[in-house]
Amino acid sequence: MSRFDGKVGIITGAASGIGLAIAEQFAREGGHAVVADLNLDAAREAADRIASFGPQPMAVAMDVGDERQVEDGISAVMENFGRIDVLVSNAGIQIVKLMVEFPFSEWKKLLAIHLDGAFLTTRACLKHMYAQKSGAVVFVGSVHSKEASKLKAPYVTAKHGLIGLCKVLAKEGAEYNVRANVVCPGFVRTPLVDKQIPEQAKELGISEDEVVRNVMLKETVDGEFTTVEDVAEAVLYFAGFSSNALTGQSMVVSHGWFMQ
Ligand code: NAD
């Protein structure tokens with residue numbers, strides 16, 4: 001008997017990085033993983049791989065910032081599996097620039113994916129979770145849900161915002177046995193981070209090695225990156241917790257970069 005036997009979990013942005021690791025671990029523990037991503041080909045590839053070791057997965061194309069696509073995607077999951085037990089709101093991007101020159105269009109794009117995306121996917125799943133009288137929503141926040149860094153105005157704003165969204169959901173969802181929590185990772189070596197190392201080096205006028213050592217990992221206790229597996233474990237801890245004792249919370253997984 002595994003923790004997620006027979007459960008259905010939708011993980012957004014699961015074609016890559018952290019979301020992919022969460023989907024894989026969810027499937028290893030018996031769950032039907034729904035790989036929801038902008039990139040349908042990559043989502044299908046991930047789902048095919050997961051099918052080789054886990055229960056029937058599903059790939060869904062979805063831009064989390066698009067209301068219609070989210071509603072259609074969640075309806076397709078309901079048609080296929082008839083229930084939704086877990087939503088991991090994980091899809092995200094990063095854009096690094098000084099605030100003074102941040103284009104408004106890029107500010108809006110980032111907020112649309114992180115905040116509109118979290119709201120829309122949550123809202124679409126909630127009606128089914130409320131009808132079932134059970135469910136868990138886990139938002140993938142960041143150390144930047146609690147701390148700031150230069151060059152990341154919309155990202156830090158959005159990640160702080162997820163904590164507020166989570167707390168409201170914890171209060172509204174309680175009577176339906178729906179819990180909401182946030183996992184806040186430190187730096188994890190995924191395509192999202194690999195892309196920003198040269199960008200930050202350019203913006204800050206330092207080498208890529210200095211970005212890693214003196215910007216990303218400087219405040220950690222051991223100079224190490226957090227791994228996708230570390231984050232998946234924390235997310236699934238929240239997802240698998242079975243009472244409202246643990247709701248409205250956030251957990252930082254960052255090698256001690258941020259201690260609360
Ligand atoms: P990643 O780039 O490896 O994966 C992100 C995935 O999201 C991709 O598959 C991409 O196609 C998908 N995506 C992007 N926009 C989308 C949209 N509009 N709709 C649906 N899917 C979309 O990134 P990652 O590092 O795995 O990041 C995942 C989450 O973890 C993000 O929310 C990110 O902010 C957060 N996070 C990452 C780190 C890190 O260091 N990598 C640290 C803290 C938090």
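All heavy atoms count here, side chains included; hydrogens, waters and symmetry mates do not. Order of appearance sets the numbers: ligands from 1, and atoms from 1 within every ligand. Given the structure is predicted, the values throughout are model-derived calculations rather than measurements.
Members clustered with Val100: Val96, Leu98, Val143, Leu151, Phe187, Leu192, Val193, Ile197, Leu204, Ile206, Val211, Val212, Val215, Met216, Leu217, Phe225, Val252, Trp257, Phe258, by chain and number, using a 4.5 Å side-chain heavy-atom cutoff among hydrophobic residues.
Of the protein's non-hydrogen atoms, the one nearest atom 25 (O) of ligand 1 is Thr190 OG1, 2.4 Å. Of all protein heavy atoms, the one lying nearest to atom 5 (C) of ligand 1 is Gly92 O, 3.8 Å. Atom 37 (C) of ligand 1 has its closest protein heavy atom at Ile18 CD1, 3.6 Å. Looking from atom 16 (C) of ligand 1 to the surrounding protein, the closest heavy atom is Leu38 CD2, 3.7 Å.
Ring planes of Tyr176 and Tyr130: parallel class, angle under 30° (limits at 30 and 60°).
Within ligand 1, counting atoms from 1 as listed, the ones closer than 4.0 Å to a heavy atom of Asn90 are 28 (C), 29 (C), 30 (O), 31 (C), 32 (O).
Here's the thing with Pro185: none of its N/O atoms is less than 3.5 angstrom from an N/O atom of ligand 1. The distance criterion of under 3.5 Å between nitrogen or oxygen atoms is not met by Ser142 with respect to ligand 1.
Compare Gly19, Gly186, Ser16 by their heavy atoms: the one nearest to atom 3 (O) of ligand 1 is in Ser16. Among Gly141, Ala42, Ala91, the residue whose heavy atom lies nearest to atom 22 (C) of ligand 1 is Ala91.
For Phe4, the ring pair (Phe, Tyr, Trp, His ring centres under 6.0 Å) partners are Phe26, not counting sequence neighbours.
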